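These notes concern the structure reproduced below.
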Number of protein chains: 2
Amino acid sequence: MPKQNTVFKDAYNRCLRLLVVGESLPSEPELCTLLGVSRTTVRSILSQMVEASLIEWNKRSKAVQRSPTKADFFPEHETSSLSEVIERTFMKRILMGGAEPGMQINELELAREIGVGTTSVREFLIRFSRFGLIDKRPNSHWVLKGFTRQFAEELTDVREMFELKSAVAFAGLPSDDAAWTELESLRRAHVEVLADIDRRYLEFSELDDRLHRLIQQASGNRFIIDFYDIIAIVFHYHYQWNKANARERNGKAILEHLDYIEALKTHRPEAVEAACRRHLSSARLSLMQSLSPTAGGI
Amino acid sequence: MPKQNTVFKDAYNRCLRLLVVGESLPSEPELCTLLGVSRTTVRSILSQMVEASLIEWNKRSKAVQRSPTKADFFPEHETSSLSEVIERTFMKRILMGGAEPGMQINELELAREIGVGTTSVREFLIRFSRFGLIDKRPNSHWVLKGFTRQFAEELTDVREMFELKSAVAFAGLPSDDAAWTELESLRRAHVEVLADIDRRYLEFSELDDRLHRLIQQASGNRFIIDFYDIIAIVFHYHYQWNKANARERNGKAILEHLDYIEALKTHRPEAVEAACRRHLSSARLSLMQSLSPTAGGI
DNA sequence: ATACTGCATATTATCGACAAAGAACATCAA
DNA sequence: TTGATGTTCTTTGTCGATAATATGCAGTAT
């Protein structure tokens with residue numbers, strides 16, 4: 001099958017949530033912006049909804065006939081794009097399965113294992129190679145460098161360099177910059193989660209991602225901003241499968257974030273730098289501790 | 001044609017230079033390491049050389065019959081891999097041709113223009129995207145961000161951060177590290193070129209690449225080392241088509257390099273930092289001046 | 001025993017093909 | 001006249017196929 005229609009299915013599911021019995025759906029172009037897809041896809045969705053007797057569609061009128069039931073939704077796993085599937089499978093293998101440094105990676109084998117064509121796997125590996133975890137031997141296999149302590153150190157070294165620069169730049173933003181309001185709403189979100197930390201500690205990952213991205217943004221430097229993708233993916237998958245002490249770790253980190261945010265608000269470079277250093281070295285320590293003490297792989 | 005046999009042709013050409021009439025070529029495995037290809041390719045080469053009456057081949061004996069003539073070589077342009085061809089064509093387009101920021105890039109069109117399949121172009125664009133000059137809109141085109149002053153500034157900002165760190169690390173290398181001997185031989189090469197600068201100023205690019213790579217290496221950080229690829233490709237293509245004041249610029253840069261090298265040899269961080277800063281800000285200035293003063297494109 | 005050759009097999013790089021998704025243009029309704 | 005719809009065309013994402021290249025194994029010469 002030349003192309004999975006995951007864009008269609010995902011948009012269809014999201015469109016189901018817009019249905020309100022008695023009302024009519026908006027115009028096609030409006031649905032396009034709402035769902036973030038092209039008109040072609042919107043029209044496929046509408047046709048499908050007619051088939052399912054969810055709406056009656058006649059030119060401009062798209063009258064909703066009934067509320068969607070659970071059965072109307074496409075199963076979740078059919079809505080993620082091929083590259084997402086490949087990424088998940090691959091990360092699982094190299095972060096969990098015994099993936100020793102030096103191991104060879106075989107495009108064909110990987111493709112067969114995941115059940116996709118080689119092209120998709122190849123493209124994924126090329127994209128993934130910028131994360132510094134694999135190396136290509138042209139005309140031959142890929143070599144896994146492994147998620148080692150060494151890797152974590154190199155990663156966090158650069159991270160600290162970049163984030164210090166970004167944080168200082170952030171502190172220097174004019175007071176009317178939109179980033180400040182975003183920072184304030186993030187601060188509130190932190191406080192909310194902290195108030196119910198025992199039950200909501202898992203929400204920290206998302207806060208972490210949002211805060212750090214917001215800060216990198218202030219650097220105005222695409223290389224710094226892009227580098228954060230590496231941090232994000234590593235932390236995302238690593239902590240997804242490594243939840244030891246998560247409650248404690250996240251609670252501590254939220255407090256550090258709040259300090260960090262306060263420091264930013266002072267606009268004082270020295271204060272920002274100090275708070276930034278504190279948080280980052282604490283993050284580094286957690287990461288290091290979660291890696292097996294001496295061995296290479298995770 | 002599923003695969004260009006450029007590996008074969010390139011290795012064949014290089015193998016031609018190993019022929020000495022009267023002698024025998026080494027064993028197959030030895031040729032493999034010598035040429036950097038697999039035994040299969042080596043054996044294809046040997047067969048071809050038999051066809052061309054260049055050698056007589058019988059098991060272990062590969063007696064050279066005659067010296068190769070110009071006509072024995074494959075034309076140079078058939079020896080570069082597809083991705084090299086695509087890279088050159090593409091860089092030419094975006095660094096020379098009127099490539100305004102915001103322009104759309106079309107895989108199919110690019111593929112037709114270069115005369116290759118879409119897959120190769122796609123893979124190239126994915127690999128190239130890490131250089132921060134293009135952005136992908138999934139399910140749609142790529143967007144050219146353009147080789148603008150803004151880009152050059154972001155690039156050199158990170159470069160300076162990284163190289164300062166690397167240079168200081170270099171200064172701290174133990175005296176018996178192999179890097180010091182490499183540095184000394186590089187120094188001599190600089191002096192040699194400088195002595196005949198009027199005729200050899202074009203050799204500076206290679207010296208520049210070698211020196212900076214050697215220094216980044218000392219950081220021991222894959223992200224820093226990999227980042228230099230971006231610098232290298234940008235400088236390589238940019239100055240290849242922009243030779244204004246090259247003699248003067250390169251002469252000056254060689255002197256700065258010599259200072260820089262001396263500073264490294266002192267092992268004193270402050271001296272290194274000062275020389276590094278001097279050279280990098282001078283390099284930044286040259287790059288900026290070679291870009292059109294205000295406009296976006298090159 | 002070691003290292004090379006001969007042969008068979010596996011993997012990569014590249015292409016063309018095709019459904020899904022996007023984009024362009026003509027037509028039509030308010 | 002503006003904006004939505006109907007229609008058509010183009011491009012992307014993915015696959016399978018195939019030559020080029022690499023790799024593994026068995027036999028053979030030193």
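Model, not experiment: these values are computed from the prediction. Residue numbering restarts at 1 for every chain, and letters A, B, ... go by the order of the sequence lines.
- Looking at A/His212 and A/Gln216, their side chains never bring a donor and an acceptor atom within 3.5 Å of each other.
- Heavy-atom nearest nucleotides on DNA chain D were determined for B/Ser44 and for B/Pro138, and the one closer to the 5' end corresponds to B/Pro138.
- The nearest heavy atom of DNA chain C to B/Gln104 and to B/Glu30 marks one nucleotide each, and the one closer to the 5' end goes with B/Glu30.
- Dashed line: the shortest gap from a side-chain N or O of A/Ser27 to OP1 or OP2 of D/dA4 is under 4.0 Å.
- Distance, A/Ile134 CD1 to C/dT12 P: 12 Å, rounded to whole Å.
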Step by step, work out the salt bridge (charged side-chain N to carboxylate O under 4.0 Å, His left out) result for A/Arg210 and A/Glu182. CA-CA 10 Å; A/Arg210 282 174 58 199; A/Glu182 177 66 16; 3.6 Å; yes
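- Spacing between atom CD of B/Glu123 and atom P of C/dA13 amounts to 8 Å, rounded to whole angstrom units.
- With rounding to whole Å, A/Ile45 atom CD1 is found 9 Å from C/dA21 atom P.
- Residue contacts for A/Arg112: at a heavy-atom cut-off of 4.0 Å it reaches the sugar-phosphate backbone alone, with no base atom in range.
- Side-chain atoms of A/Lys3 come within donor-acceptor range of the base of D/dT12, with a qualifying N/O pair under 3.5 Å.
- Each of A/Ser38 and A/Arg122 was assigned the nucleotide of DNA chain C with the nearest heavy atom; the assignment lying further toward the 5' end belongs to A/Arg122.
- The pair B/Asp72-B/Arg66 counts as a salt bridge, with a side-chain nitrogen and a carboxylate oxygen less than 4.0 angstrom apart.
- The side chain of A/Lys62 places an N or O atom within less than 4.0 Å of a non-bridging phosphate oxygen (OP1 or OP2) of D/dT5.
- A sub-4.0 Å separation between OP1 or OP2 of D/dC15 and a side-chain N or O of A/Ser120 is present.
- Relative to the side chain of A/Pro29, the nucleotides D/dT21, D/dT5, C/dG6 differ in distance, and D/dT5 lies closest.
- A/Lys136 comes within 4.0 angstrom of sugar-phosphate atoms only, judged by non-hydrogen atoms across all strands, and of no base.
- Contact annotation: side chain of A/Arg43 to base of C/dG22, donor-acceptor pair absent below 3.5 Å.
- Taking 3.5 Å as the limit, the base of C/dG22 and the side chain of B/Arg137 contain no donor-acceptor pair of atoms between them.
- The separation between A/His141 atom NE2 and D/dT23 atom P is 6 Å, rounded to whole Å.
- Distance A/Glu28 CD to D/dG6 P: 6 Å, rounded to the nearest Å.
- Side-chain atoms of A/Thr40 come within donor-acceptor range of the base of C/dG22, with a qualifying N/O pair under 3.5 Å.
- Within the nucleic acid shown, A/Gln4 comes within 4.0 Å of sugar-phosphate atoms alone, with no base atom in reach, counting heavy atoms only.
- Distance, B/Leu108 CG to D/dC9 C1': 13 Å, rounded to whole Å.
- A donor-acceptor pair is defined here as one N or O able to donate and one able to accept, closer than 3.5 Å; such a pair exists between the side chain of A/Asn221 and the backbone of B/Glu154.
- Here A/Asn139 does not reach the OP1 or OP2 of D/dT23: none of its side-chain N or O atoms lies under 4.0 Å away.
- Distances from the side chain of B/Glu107 to the nucleotides C/dT12, D/dG6, D/dT12 place D/dT12 closest.
- Distance B/Lys9 NZ to D/dT21 C1': 15 Å, rounded to the nearest Å.
- Between the CZ atom of A/Arg60 and the P atom of D/dG6 there is a distance of 9 Å, rounded to whole Å.
- Each of B/Gly36 and A/Thr119 lies near DNA chain D, and the nucleotide nearest A/Thr119 is the one positioned closer to the 5' end.
- Note on B/Ser140: a side-chain N or O is less than 4.0 Å away from OP1 or OP2 of C/dA23.
- Judged by the 6.0 Å distance and 45° axis criteria, B/Arg93 is not positioned over the aromatic ring of B/Phe128.
- A/Ser24 places a side-chain N or O within 3.5 Å of a backbone atom of A/Lys62 that can act as its donor or acceptor partner.
- Interface remark: the B/Lys59 side chain does not form any donor-acceptor pair with the C/dT5 base, using a distance-only criterion of under 3.5 Å.
- Between B/Asn106 and the phosphate of D/dT12, there is a side-chain N or O to OP1/OP2 separation shorter than 4.0 Å.
- Below 30°, between 30° and 60°, or above 60°: for B/Phe8 and B/Tyr12 the angle between ring planes is between 30° and 60°, a tilted geometry.
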